[in-house]
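Protein chains get the first letters and strands the later ones, always in sequence-line order, with residue 1 at the start of each. Just so we're clear, the structure is a prediction, and the values are computed from it rather than from any experiment. Note: hydrogens, waters and symmetry copies are ignored here, and every other heavy atom, side chains too, is used.
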2 protein chains.
Amino acid sequence: MDNEFTARRAVTVADVARAAQVSKAAAARALGGYGSVSDAVKQRVLEAAGRLDYRPNELARTMATGRSGTIGVIVGDIENPFFGSAVRGISDLAAASGFDVILSNSSETPSAEKASTRVFLAKRVDGLIVAPATMHDGAHLADALGQGCPLVLLDRDVPGLPVDVALIDDQAAAREATGLLIASGHRRLAYITATSVVDGRYSDTGQIVLTTVQNRIAGFREAAAAAGLAESDLRIRLGASTTAQSQEILLELLRAPDRPTAILSSDSKIALEVFRAARAVGLAVPRDLSLITFDDAGWTSAVSPTVTVVSQPSYRLGYAAARMLIERIGGDKSAPRRCVLETALIRRESVSPPIAADAVEGRARTP
Amino acid sequence: MDNEFTARRAVTVADVARAAQVSKAAAARALGGYGSVSDAVKQRVLEAAGRLDYRPNELARTMATGRSGTIGVIVGDIENPFFGSAVRGISDLAAASGFDVILSNSSETPSAEKASTRVFLAKRVDGLIVAPATMHDGAHLADALGQGCPLVLLDRDVPGLPVDVALIDDQAAAREATGLLIASGHRRLAYITATSVVDGRYSDTGQIVLTTVQNRIAGFREAAAAAGLAESDLRIRLGASTTAQSQEILLELLRAPDRPTAILSSDSKIALEVFRAARAVGLAVPRDLSLITFDDAGWTSAVSPTVTVVSQPSYRLGYAAARMLIERIGGDKSAPRRCVLETALIRRESVSPPIAADAVEGRARTP
DNA sequence: TTGAAAGCGCTACCAC
DNA sequence: GTGGTAGCGCTTTCAA
């Protein structure tokens with residue numbers, strides 16, 4: 001049974017050296033491309049390596065050098081297209097710079113994120129890119145830093161952690177989107193987001209674990225305040241993580257007599273749920289309900305009506321994070337940087353003025 | 001500047017042993033949880049480890065044991081929700097079984113896939129799960145096998161490679177979906193897929209590099225043949241990988257006088273393009289054009305019209321692949337297995353009978 | 001340029 | 001149960 005699919009002992013530098021009749025050190029130098037080797041020896045070694053089908057053991061190399069040529073990435077949910085695209089941005093630059101990427105999913109769970117951090121550190125990654133699941137616990141991240149492992153935060157910030165971050169200006173983006181809704185004549189507005197909380201009702205900021213969510217809500221309220229809307233005109237709902245949760249929240253909202261006439265949704269999955277809920281209660285978008293969502297998902301520009309979105313540069317965010325990290329790995333010791341990328345409000349068909357019955361109050365105020 | 005964020009030399013078993021006043025071997029046993037150690041020593045060692053903040057070096061462990069506790073996964077496109085979900089299936093079982101997952105994106109490119117395979121082997125992964133970018137070149141995969149690295153194929157097969165595979169019955173799925181179209185009265189049918197080819201026109205099977213595509217086309221033609229449709233009623237188009245390519249293909253198809261009245265799309269991204277193209281030429285779904293797509297993407301059940309889909313058990317596919325791989329890693333030497341998972345045809349609103357003008361020929365044939 | 005030998009941090013085997 | 005010690009495969013001084 002010694003066919004071509006049977007395992008055989010791996011061939012090492014020592015084997016190659018013996019076959020090429022040179023010392024182990026010489027063979028290692030020729031194979032590793034460092035130090036100085038005569039052309040003659042190099043020839044012999046390379047020939048022998050080819051003949052024996054030698055494959056370097058990256059692990060042994062890492063142990064000896066301390067560098068693994070690998071960067072670890074931890075995101076909340078790889079199924080989320082936002083992260084999928086960010087990861088591709090990271091991978092592309094990493095590959096071009098000679099780094100491998102190893103990826104882990106935290107499922108937006110701080111404990112899983114901690115475990116992954118530990119594993120990556122144990123595997124001696126050269127650096128870490130993390131989209132932290134919470135802004136409240138950065139101990140494991142500070143820890144990585146403490147061990148001398150460069151770290152860059154992606155999309156979300158952890159206040160107090162002195163590291164590079166690549167993110168967007170969520171507050172400004174939400175403010176602009178909300179402004180568009182208000183400019184279209186809406187005054188009863190809702191903001192729906194997926195962050196996990198004790199109680200879906202927005203009560204105090206203490207519940208929020210993500211800086212992105214915090215900032216978007218701030219932008220939402222800021223725009224409302226600037227337009228003179230009352231707090232009571234605003235519906236802020238957290239906890240729309242699953243279809244069931246989203247429907248519960250949305251149906252309650254849309255069935256109320258003073259239902260919102262416009263919704264700002266924090267991701268495209270929730271926007272989908274808005275369509276579903278609107279259909280369930282017999283509301284048409286945008287005639288009865290206007291909608292803007294974060295994330296320029298593919299379907300938003302293909303379906304009817306096409307949906308107005310806040311487009312986030314996810315690929316470039318990943319790319320920027322990788323760029324900063326690789327600079328740090330290269331020895332850059334400068335002060336932590338914030339790389340803030342631009343979003344774009346793409347106007348499509350899902351926003352229109354509220355119909356008379358719904359807007360009556362609003363009209364009275366703006367004659 | 002010796003603050004908490006400054007790198008310090010990593011603490012090793014030797015350090016812990018010294019601090020606990022025991023031998024290196026004893027400390028290693030206590031820390032590694034193998035061999036036998038007295039409770040007293042164990043206590044002391046663990047205490048010292050905690051005090052010194054000892055972290056095991058996974059790399060050194062791997063070198064010594066030969067096992068890395070890591071499985072490598074290579075998929076074509078992590079942004080594709082199908083793979084995203086499959087990867088989660090893999091990760092979930094892997095984590096539960098004590099394995100880490102490292103992921104790589106081949107961008108559907110055989111050369112990138114080869115490079116990733118090499119890297120993973122060099123990193124000494126315990127096993128590999130690959131969604132091969134081509135069925136025509138499995139040398140690097142046979143190679144992995146040859147080195148004794150267990151391998152499981154995901155979603156796509158490589159004929160001739162004696163390995164476990166986890167996939168769906170693409171041919172049956174396509175046959176069933178096509179059957180539904182035909183049963184609804186359609187007779188001019190198109191199948192659109194994203195595989196890369198020299199020429200977008202379907203000419204011969206030699207162009208096709210993916211078994212999935214091959215099998216789906218076979219099922220499509222099979223159903224058509226069974227219903228007595230002529231080859232000339234069928235439009236098979238390959239190469240719809242980008243928006244531009246898809247639009248070119250679709251617009252040409254839909255503007256033709258004998259345009260298809262129903263389309264079977266091989267993934268949800270293409271289905272989106274169908275909506276876009278239909279809108280561009282003024283065709284309404286499903287009144288003027290029926291549509292079924294592979295992939296039960298979230299948006300397909302939320303937009304109007306909801307779309308009829310072939311739902312693939314992507315999560316379970318990943319889970320099954322991981323299960324087989326872990327069994328192999330555990331030493332299972334039995335013959336290669338094929339794990340074929342069920343698809344489901346979910347009927348929604350995007351399929352209806354063709355309108356009279358389009359169906360005239362068809363009606364004449366089936367009075 | 002070349003070779004011998006000392007690690008990298010851990011496991012595993014073997015006496016005691 | 002415990003301690004010594006020989007590797008795992010590679011890099012990296014350091015003499016020659």
Suppose we screen for side-chain hydrogen bond (donor to acceptor under 3.5 Å, both in side chains). Which residues come up paired with [X], at least two apart in sequence or across chains?
{"X": "E327(B)", "value": "R337(B)"}
{"X": "T62(A)", "value": "none"}
{"X": "T117(B)", "value": "none"}

*When you list every nucleotide of DNA chain C with an atom under 4.0 Å from a heavy atom of chain A, which one comes first 5' to 3', and which comes last?*
dT1(C) to dG9(C)
_Pairing residues for T211(A) by the side-chain contact (heavy atoms from CB on, under 4.5 Å) criterion, not counting sequence neighbours_ = M135(A), R156(A), D157(A), P159(A), N215(A)
_5' priority, DNA chain C, between N57(B) and R29(B) [closest heavy atom]_ = N57(B)
*Residue list, salt bridge (Lys or Arg N to Asp or Glu O under 4.0 Å) with R67(B), at least two apart or on another chain*: none
*asked:* If the condition is salt bridge (Lys or Arg N to Asp or Glu O under 4.0 Å), which residues does R61(A) pass it with, not counting sequence neighbours?
replied: E58(A)
Atom [atom1] of [X] to atom [atom2] of [N]: distance rounded to whole Å?
{"X": "M63(A)", "N": "dG7(D)", "atom1": "CE", "atom2": "P", "answer": "16 Å"}
{"X": "R124(B)", "N": "dG9(D)", "atom1": "CZ", "atom2": "P", "answer": "8 Å"}
{"X": "R55(A)", "N": "dG9(D)", "atom1": "CZ", "atom2": "P", "answer": "15 Å"}
{"X": "R61(B)", "N": "dG9(D)", "atom1": "CZ", "atom2": "P", "answer": "18 Å"}

For residues 33-40 of chain B, which side-chain donor-acceptor pairs fall under 3.5 Å, sequence neighbours excluded?
unit_1 : atom_1 : unit_2 : atom_2 : d
S38(B) : OG     : V41(B) : N      : 3.3

*Looking only at atom types and distance, does a side-chain atom of D143(A) sit under 3.5 Å from a main-chain N or O of L145(A), one as donor and one as acceptor?*
no
*If you count the non-hydrogen atoms of other residues, nucleotides and ligands that lie under 6.0 Å from OH in Y54(A), is the total more than 12?*
yes
_Using a 4.0 Å cut-off on heavy atoms, which residues in residues 30-49 of chain A reach DNA chain C? List them by number, or say none._
S36(A), V37(A), S38(A), V41(A)
*Taking DNA chain C as the partner, which of residues 14-26 of chain B come within under 4.0 angstrom of it by heavy atom?*
K24(B), A25(B)
*If you find the nucleotide of DNA chain D closest to A60(B) and the one closest to A28(A), which residue's nucleotide is nearer the 5' end?*
A60(B)
Going by atom type alone, with no hydrogens or angles, which donor-acceptor pairs under 3.5 Å involve a side-chain atom of residues 99-106 of chain B and a protein atom two or more places apart or on another chain?
unit_1  : atom_1 : unit_2  : atom_2 : d
D100(B) : OD2    : K123(A) : NZ     : 3.4
S104(B) : OG     : S116(B) : OG     : 2.8
N105(B) : OD1    : I78(B)  : N      : 2.8
S106(B) : OG     : V75(B)  : O      : 3.4
S106(B) : OG     : E108(B) : N      : 3.1

_Considering only residues two or more places apart or on different chains, which pairs with a residue in residues 88-99 of chain A satisfy salt bridge (charged side-chain N to carboxylate O under 4.0 Å, His left out)?_
R88(A)-D92(A), R88(A)-E79(B)
